[in-house]
Amino acid sequence: MTKIEKLSITDLPATTIDLACDKIASYTVAMNRMISRSGIPESQLVGTGTLVKVEGLDCILTADHVLEEFREPDKMGLMSSFTGRPSGHEFPLSDLGLHRIARGDTDETGPDIALVVLPQQSIAALRSEKVFYNINKHAKCFDNSYLPLDYGFWLNCGIVGETERELPPDRNIVSLKGYEGLCGASANPKESFDGVFDYLEVRIDLEGRADLPSTFGGMSGGGLWQVLMRKTSEGKIEPEDWILSGVTFYESEVERDKRHLRCHGRKSIYERVPEYVRVNIKCA
């Protein structure tokens with residue numbers, strides 16, 4: 001019989017969070033708009049995405065307002081390294097399937113979710129470097145119900161736009177930009193449902209947190225993850241599983257040193273997205 005213990009998020013060892021962040025980063029990419037101005041390439045951070053496999057297709061799950069920023073003749077650039085080394089991949093928009101699944105009338109309420117179908121024959125380099133989270137495989141674990149929100153802890157993962165900095169040239173790359181990623185732990189989110197899509201709202205307490213950015217711009221489209229833990233025989237707390245459970249799309253204004261991040265939830269990811277792919281892509 002599994003023994004369940006209660007633990008405050010403030011009591012989590014930093015090494016436990018770091019281990020989970022390393023795993024989640026392997027699924028995460030920054031999404032850049034690659035523009036050529038008078039023959040000079042320019043890169044603009046647009047948002048974050050999670051690499052997923054859905055209905056047999058390798059894709060990027062993100063927010064709809066992130067895809068809205070791309071237009072011909074742009075290229076989509078993916079920054080894939082979280083280790084400080086320059087590493088990225090570029091794709092002409094014409095090679096991508098851009099699917100704006102849903103967009104609501106207001107930014108705050110949503111829905112706001114989208115999918116990029118990658119060119120399956122030309123992403124060998126990306127596959128060798130990153131991991132694609134299998135949505136259909138994990139959906140089978142939720143045939144009866146989704147995990148309670150108070151199981152494990154929660155991580156928002158994404159790229160922080162305000163950390164942008166110019167880097168010195170590397171090899172044949174003349175212009176380089178660097179960003180910091182954020183994988184922030186939070187307590188249990190609040191859940192809601194509009195009849196079609198579901199939502200998770202994560203509260204961020206900013207009081208005394210000089211380490212947090214003034215805005216989470218750039219994290220739009222990034223994943224919200226539920227991380228399950230186990231205690232080893234030596235009493236150490238380790239991440240046991242990391243479950244993609246949300247897509248971030250909105251940050252509130254700061255009120256009384258608090259703000260919230262609004263995300264799509266599990267039904268949106270494991271039900272609505274595969275359904276969209278089956279109807280609009282696989283059957284097209």
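In this text the structure is predicted, and so the values were computed from the model without any measurement.
- Salt-bridge check for E253 with R259: failed, with every basic side-chain N at 4.0 Å or more from each acidic carboxylate O.
- For the pair K75 and F91, the NZ or CZ position fails the cation-pi test of under 6.0 Å to the six-membered ring centre and within 45 degrees of the ring normal.
- The 12-atom threshold is not exceeded at CZ of R256, counting heavy atoms of other residues, nucleotides or ligands nearer than 6.0 Å.
- Counting heavy atoms of neighbouring residues, nucleotides and ligands inside a 6.0 Å radius, atom CZ of R127 exceeds 12 of them.
- No side-chain heavy atom of V116 sits under 4.5 Å from any side-chain heavy atom of H99.
- Using a 4.0 Å cut-off between charged nitrogen and carboxylate oxygen, E275 and R278 do not count as a salt-bridge pair.
- Here C183 contributes atom SG and M219 contributes atom CE; the two are 7.5 Å apart, rounded to the nearest 0.5 Å.
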Show the numbers, then the answer: is there a side chain to side chain donor-acceptor pair (under 3.5 Å) between D194 and Y199? CA-CA 8 Å; D194 67 7; Y199 304 89; 2.9 Å; yes
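- Closest non-hydrogen pair, T48 versus G218, comes out as OG1-O, 2.6 Å.
- Between E201 and K190, no side-chain nitrogen of the basic residue sits less than 4.0 Å from a carboxylate oxygen of the acidic one, so the salt-bridge criterion is not met.
- Panel note: side chain Q121, backbone P119; no donor-acceptor pair is recorded below 3.5 Å.
- Across C263 and N156, no two heavy atoms sit closer than the pair SG-ND2, 4.0 Å.
- With respect to the salt-bridge test (charged N to carboxylate O, under 4.0 angstrom), the residues D64 and R103 qualify.
- Atoms CZ and CG, from R71 and L93 in turn, are 10.0 Å apart once rounded to the nearest 0.5 Å.
- No option in N188, V227, L228 other than V227 meets the side-chain contact (heavy atoms from CB on, under 4.5 Å) test with F153.
- In this structure T109 satisfies the side chain to side chain contact (heavy atoms under 4.5 Å, CB included) test together with T106, sequence neighbours excluded.
- Of the inter-residue distances, the one linking L212 atom CG with I204 atom CD1 reads 7.0 Å to the nearest 0.5 angstrom.
- Aromatic pair H138/Y270: centroids not less than 6.0 angstrom apart.
- Between L200 atom CG and L149 atom CG the span is 6.5 Å, to the nearest 0.5 Å.
- Between the OG1 atom in T28 and the NZ atom in K23 there is a gap of 13.5 Å [rounded to 0.5 Å].
- Here the two rings, on F249 and H65, have centers that are 6.0 Å apart or farther.
- For W225 and Y133, the ring centers sit closer than 6.0 Å to each other.
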Taking it one step at a time, do F132 and V52 satisfy side-chain contact (heavy atoms from CB on, under 4.5 Å)? CA-CA 5 Å; F132 287 77; V52 298; 5.8 Å; no
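- Side-chain N or O atoms of K53 include none that pairs as donor or acceptor with a backbone N or O of C59 at under 3.5 Å.
- A ring-ring contact (aromatic ring centres under 6.0 Å, His included) with H264 is found for one member of F197, F193, Y250 and no other, namely F197.
- In this structure, L98 is not a member of the same hydrophobic cluster as M34, with clusters built from ILVMFWY side-chain heavy atoms closer than 4.5 Å.
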Is there a side chain to side chain donor-acceptor pair (under 3.5 Å) between S214 and E162? Walk through the geometry before answering. CA-CA 8 Å; S214 62; E162 69 177 34; 2.6 Å; yes
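- When all heavy atoms of G223 and L244 are compared, the pair lying nearest together is CA-CD1, 4.0 Å.
- The salt bridge (charged side-chain N to carboxylate O under 4.0 Å, His left out) search around E240 returns none, not counting sequence neighbours.
- Put simply, I17 and L19 are part of two different groups of oily side chains (I, L, V, M, F, W, Y) that touch within less than 4.5 Å, one to the next.
- Here the side chain of R100 pairs no donor or acceptor atom with the backbone of E68 at under 3.5 angstrom.
- Closest heavy-atom contact between G222 and T50: C-OG1, 4.2 Å.
- Checked by atom type and distance alone, the side chain of N136 pairs as donor or acceptor with a backbone atom of E55 at under 3.5 Å.
- Test L61, L115, N134, I269 against V54 for side-chain contact (heavy atoms from CB on, under 4.5 Å) and you get one pass: L115.
- If you run side-chain contact (heavy atoms from CB on, under 4.5 Å) between E69 and each of V46, N32, L45, only V46 comes through.
- With hydrogens and angles ignored, the 3.5 Å screen pairs a side-chain donor or acceptor of T16 with a backbone N or O of I237.
- Within the model, atoms NZ of K267 and OH of Y146 stand 5.5 Å from one another, a figure rounded to the nearest 0.5 Å.
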Just do the side chain to side chain donor-acceptor pair (under 3.5 Å) check on H89 and E129 with the steps written out, would you? CA-CA 11 Å; H89 309 264; E129 182 185 4; 2.9 Å; yes
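- Between P213 and L182, the shortest heavy-atom distance links the atoms CD-CD2, 4.2 Å.
- Summarising the geometry of Q226 relative to P148, their closest heavy-atom pair is NE2-O, 2.9 Å, with the distance given to 0.1 Å.
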Before giving the answer on side-chain contact (heavy atoms from CB on, under 4.5 Å), spell out for L155 and I24 the whole-Å C-alpha distance, their side-chain angles and the decisive distance to 0.1 Å. CA-CA 9 Å; L155 286 173; I24 291 169; 3.5 Å; yes
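- When only modelled atom types and interatomic distance are considered, E251 and T215 share a side-chain donor-acceptor pair under 3.5 Å.
- Under a cutoff of 6.0 Å and an axis angle of 45°, R266 and F142 do not form a cation-pi pair.
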Could you please spell out the steps behind the side-chain contact (heavy atoms from CB on, under 4.5 Å) verdict for D58 and L51? CA-CA 7 Å; D58 290 333; L51 297 172; over 6 Å; no
